[in-house]
Chemist: 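Below you will find the structure I want to go over with you.
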Amino acid sequence: MSDTEIVQMLINGQKDLEWFNTNLERLKSEYNNMFIAFSNQNIIDSDPLLDNLISKLKKKGIDISNLFIEFVSKTKFIL
């Protein structure tokens, strides 16, 4: 992978995280208590169980190393 490709990947990742944070309230309404997989500012899939989500993505042939997976909840959890 070239330096240019790496820089572009980092820029795209930053845009995805900004999109996620900007849309978090809407996402909480639509995907409460679910894991969501997203890339390029789009939801790819979701599931309440992380293992199920990963299985669904793999069945679709999606490389999970090239996307974000976040848990979305209206309830604030303290770890």
Side-chain angles (χ1 to χ4, degrees):
M1 185 175 287
S2 71
D3 289 347
T4 304
E5 290 172 318
I6 293 170
V7 169
Q8 189 59 51
M9 185 184 298
L10 292 170
I11 291 169
N12 291 342
Q14 183 63 35
K15 287 179 182 179
D16 276 341
L17 290 175
E18 288 172 6
W19 171 84
F20 175 78
N21 288 320
T22 299
N23 293 282
L24 186 55
E25 291 308 311
R26 178 182 60 83
L27 294 170
K28 286 179 183 179
S29 295
E30 293 179 36
Y31 300 97
N32 188 40
N33 294 326
M34 297 184 81
F35 288 93
I36 61 169
F38 61 97
S39 180
N40 297 319
Q41 303 173 32
N42 291 299
I43 303 295
I44 298 169
D45 211 332
S46 62
D47 198 279
L49 300 174
L50 180 59
D51 290 343
N52 289 353
L53 175 58
I54 291 172
S55 292
K56 289 184 343 185
L57 295 168
K58 287 183 178 181
K59 284 179 186 175
K60 292 178 180 182
I62 297 171
D63 181 3
I64 63 171
S65 67
N66 292 323
L67 51 81
F68 288 96
I69 296 176
E70 293 284 344
F71 185 73
V72 178
S73 178
K74 292 179 182 178
T75 305
K76 187 172 184 175
F77 291 95
I78 299 174
L79 301 177

Chemist: If you look at every heavy atom in K74 and S29, which pair is closest and at what distance?
Modeler: CE-CA, 3.9 Å

Chemist: Rounded at 0.5 Å granularity, tell me how far CD1 in I64 sits from OG in S55.
Modeler: 9.5 Å

Chemist: When rounded to the nearest 0.5 angstrom, what is the spacing between OG1 in T22 and CG in L17?
Modeler: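 Taking OG1 in T22 and CG in L17, the distance rounds to 10.5 Å.
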
Chemist: Are F68 and M34 connected into the same hydrophobic cluster when the rule is that any two of I, L, V, M, F, W, Y join if their side-chain heavy atoms are below 4.5 Å apart?
Modeler: yes

Chemist: List the atom pairs, with distances to 0.1 Å, where a side-chain N or O of residues 35-43 and a protein N or O form a donor-acceptor pair under 3.5 Å, not counting sequence neighbours.
Modeler:
| from | atom 1 | to | atom 2 | distance (Å) |
| --- | --- | --- | --- | --- |
| N42 | ND2 | N40 | O | 3.0 |

Chemist: Would you give the length of the straight line joining atom CG of L24 to atom OG of S73, rounded to the nearest 0.5 angstrom?
Modeler: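 It comes to 10.0 Å.
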
Chemist: Let me confirm one number: the CG-OH distance from N23 to Y31, rounded to the nearest 0.5 Å.
Modeler: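 So the CG of N23 and the OH of Y31 are separated by 11.0 Å.
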
Chemist: Thinking salt bridges, do E25 and K28 make one under a 4.0 Å N-O criterion?
Modeler: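 The answer is yes: the pair qualifies as a salt bridge.
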
Chemist: May I ask whether L50 and L67 are part of the same hydrophobic cluster, defined by side-chain heavy atoms of I, L, V, M, F, W, Y residues being less than 4.5 angstrom apart, directly or through others?
Modeler: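 L50 and L67: one cluster.
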
Chemist: Mind running side chain to side chain contact (heavy atoms under 4.5 Å, CB included) on I11 and Q8 for me, showing each step along the way?
Modeler: CA-CA 5 Å; I11 291 169; Q8 189 59 51; 4.2 Å; yes

Chemist: Can you measure from CH2 (W19) to CG (N12) and round to the nearest 0.5 angstrom?
Modeler: 14.0 Å

Chemist: Would you indicate whether the side-chain heavy atoms of I69 and I54 approach each other to under 4.5 Å?
Modeler: yes

Chemist: Going by salt bridge (Lys or Arg N to Asp or Glu O under 4.0 Å), name the pairs with one or both residues in residues 31-50, residues two or more places apart or in two chains.
Modeler: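 Salt bridge (Lys or Arg N to Asp or Glu O under 4.0 Å) check on residues 31-50 returns D45-K56, D45-K60, D47-K56.
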
Chemist: Is atom CG of D3 surrounded by more than 12 heavy atoms (other residues, nucleotides or ligands) closer than 6.0 Å?
Modeler: no

